[in-house]
Amino acid sequence: MLEGCTDWPEDFIQRYRQQGYWQGVPLGQVLREQARLTPDREALVQDQRRWSYAELDRRADRLAAGLAELGIGPGQRVLVQLPNIAEFFSLMFALLRLGAIPVFALPAHREHELRHLAELSQAVAYVIVDEHLGFDYRPLARALSQQVPSLRHVLVAGQAAEFIALEHCAGVPRPLPPVDAREVAVLLLSGGTTGLPKLIPRTHDDYACNARLAARACGFSEHTRYLAALPVAHNFPLASPGALGVFGVGGTLVLCPEPSPDTAFDLIERERISHTALIPPLVQLWLEAASWSDHDLSSLQWLQVGGARLKAEVAARIRPALGCGLQQVYGMAEGLLCFTPLDDPQERVFETQGLPLTADDEIRIVDADDQPVAPGAVGELLVRGPYTLRGYYRAAEQNLRAFTADGFYRSGDLVRRLPTGHLIVEGRSKDVINRGGEKIPVEDIENLLLGHPQIRDVALVALADELLGERSCACVLAREPLPDLASVNAWLRERGLAAYKLPDRLQVLAQFPLTRLGKVNRKALAEQVAAL
Ligand code: AMP
Ligand code: DBH
């Protein structure tokens, strides 16, 4: 296995193979097989572009040959930062066929996150789009290639400037060395429990299992027309079941450039979309828009919602407003996926985050001493299974804390389990703010803010928010002249922080409430600030 990754123990490997979770088929081959079965069926649609399975397959092969000519090969990491465009998929399959490993950054990430990802992964190439939603990625690539010596190439979808145009990077397809399905296929980003994002190795075997079984749980078939409204670099629309789930059954993926109701409703109507996936704040936006829109949304069968807790009142409004069923999804890029079954009674769909995908997702719900809580009580969810990681990439020290000695991943989520096995997410123990599904690693932002000349000390806390569930408030002890939110956020932006991580509020205080041990009492602090 790739250096810096933790493999499953041999007895688990045998078991997951025997039980058919791991099928020994590399992800590049999944597309090949579908292209053989249904060459002319529409694989993906973006704007005016429509690629059949045969076309996607061919493009991936040509691009793989072009990348090989640049010297990109097995085991090398490539930092990929692309929005929802067709090239995301020709590139992903090209890399998978080469055995090269994409590291999927989100389009919203900026220099602060990207430098860290490039350095940690020692990426040899960085792939961007020229511009998306008014942001030009080329200056970012210039800065990054100067700062990170491992980066040898920058490839650009669109106008390449001094870099290599992705469309010119094509060669004559040739046989490539076989890819081992037990190897790492992709590196996904963790929402973070501490500090900067960690990298999650997902093998061909485990990620194919993830997508295939999720597609089954969601009723995907060759008739599925899935709208990717969330950024496809994220595990939810990428493989849970998302794009990979669609490609595995010969359905059609329709790419949406951004998730506003205007854009998405046009595509749902035009493309007769059957399934899509959203985070909770977008659900509320879509529900409002649907009440005055005259779009025909009648093709929509299922809306999957995950990433943060969905309020039951909002859940209940989905069918009346959008005319489709709701499926709740509780997932993590680290692995475990839970779905409410399609035939579950309404109250369980509204009130729970579903059942684990497989019988071999071993779930433990434990107290602070790692002891199982009483049935039905709230505790931290630990998980082990055929598609849940055993260790973060190059993170030996953090892994000691993030995993138990017997290989369970500590999710940091507080959950309880109903007698039916359904899980309900009640909160979290990890230091992350969940801003409507977008995860903000508290420690990383605090560390940055401590470098601000006017800030003596800082604690980033979550405040309740009607739309987002939570928003972030930077509580600071400050020097004169006292800083304000606009100037602090401008300062953070200059440091290249992704916009969704900027504090929503800044509160200057004279002192922090402390615990008896003298640490900042975050709970008391959040309550104090919420009451101001
Ligand atoms: P990430 O680490 O970015 O993959 O985010 C995964 C985390 O998102 C989980 O550990 C949960 O904290 C949160 N999450 C995902 N889906 C849900 C959901 N349906 N309800 C509540 N929290 C969720
Ligand atoms: O929040 C997540 O990371 C998430 C949510 C729903 C996820 O990774 C998934 C489904 O696969």
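Computed from a predicted structure; not experimentally measured. One-based numbering, in listed order, for ligands and for the atoms of each.
- With a 4.5 Å cut-off on side-chain heavy atoms, Arg202 and Asn210 count as touching.
- Cation-pi geometry between Arg110 and Phe135 is met: under 6.0 angstrom from the ring centre, within 45 degrees of the axis.
- The atoms of ligand 2 that sit less than 4.0 Å from any heavy atom of Lys439 are 1 (O), 2 (C).
- Distances from ligand 1 to the non-hydrogen atoms of Asn235 include no value under 4.0 Å.
- Under the 4.5 Å side-chain criterion, counting only non-hydrogen atoms from C-beta, Trp8 is in contact with Asp206.
- Of the listed residues (Leu188, Val415, Asp413, Val432), the one carrying the non-hydrogen atom nearest atom 11 (C) of ligand 1 is Asp413.
- A side-chain donor from one of Glu258 and Thr263 sits under 3.5 Å from a side-chain acceptor of the other.
- With respect to atom 8 (O) of ligand 2, the closest heavy atom belonging to the protein is Asn235 ND2, 3.1 Å.
- Of the charged side-chain nitrogens involved, none lies within less than 4.0 Å of a carboxylate oxygen, so that Lys311 and Glu351 do not count as a salt-bridged pair.
- For ligand 1 and Gln353, the ligand atoms under 4.0 Å from any heavy atom of the residue are 19 (N), 20 (N).
- Listed by atom number, the atoms of ligand 1 under 4.0 Å from Val329 heavy atoms are 16 (N), 18 (C), 19 (N).
- Classification of Arg522 and Glu446 as a salt-bridged pair holds, one side-chain N sitting under 4.0 Å from a carboxylate O.
- In this structure, of Pro441, Gly335, Gly307, Ser411, the residue bringing a heavy atom nearest to atom 13 (C) of ligand 1 is Gly307.
- Using 4.0 Å as the threshold, Arg428 has no heavy atom nearer than that to any atom of ligand 1.
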- Can you check ring-ring contact (aromatic ring centres under 6.0 Å, His included) on Phe104 and Phe88, steps first, answer last? CA-CA 10 Å; Phe104 289 123; Phe88 183 101; 5.0 Å; yes

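- With ligand atoms numbered from 1 in the order given, ligand 2 contributes 6 (C), 10 (C) to contacts under 4.0 Å with heavy atoms of Val329.
- With Phe403 as the aromatic partner, Arg384 does not meet the cation-pi criteria of under 6.0 angstrom to the ring centre and within 45 degrees of the ring axis.
- Figure legend: cation-pi geometry between Arg364 and Phe408, with NZ or CZ positioned under 6.0 Å from the six-membered ring centre and within 45° of its axis.
- Nearest protein heavy-atom neighbour of atom 4 (C) of ligand 2: Gly331 O, 3.4 Å.
- Each of the atoms 4 (O) of ligand 1 lies under 4.0 Å from some heavy atom of Ala333.
- Heavy-atom distances between Gly437 and ligand 2 stay at or above 4.0 Å for every pair.
- Closest protein heavy atom to atom 5 (C) of ligand 2: Gly307 N, 3.5 Å.
- Here's the thing with Gly191: one of its N/O atoms is less than 3.5 angstrom from an N/O atom of ligand 1.
- Counting only heavy atoms of the protein, atom 3 (O) of ligand 2 lies nearest to His234 CE1, 3.4 Å.
- Heavy atoms of Ser240 found under 4.0 angstrom from ligand 2 belong exclusively to the side chain.
- Interface of Lys430 with ligand 1, defined as ligand atoms under 4.0 Å from a residue heavy atom, comprises 9 (C), 10 (O), 12 (O).
- Remark: Glu111 does not engage Arg495 in a salt bridge, criterion side-chain N to carboxylate O under 4.0 Å.
- Atom numbering of ligand 2 starts at 1 in the shown order; those under 4.0 Å from a heavy atom of Leu337 are 11 (O).
- Heavy-atom distances between Gln328 and ligand 1 stay at or above 4.0 Å for every pair.
- Side-chain contact check for Asp361 and Tyr387: at least one donor-acceptor pair (N or O, by modelled atom type) lies under 3.5 Å.
- Ring geometry for Phe220 versus Tyr226: interplanar angle of 30 to 60°, hence tilted.
- Residue Gly331 holds the heavy atom nearest to atom 6 (C) of ligand 1 of all those in Pro197, Gly437, Gly331.
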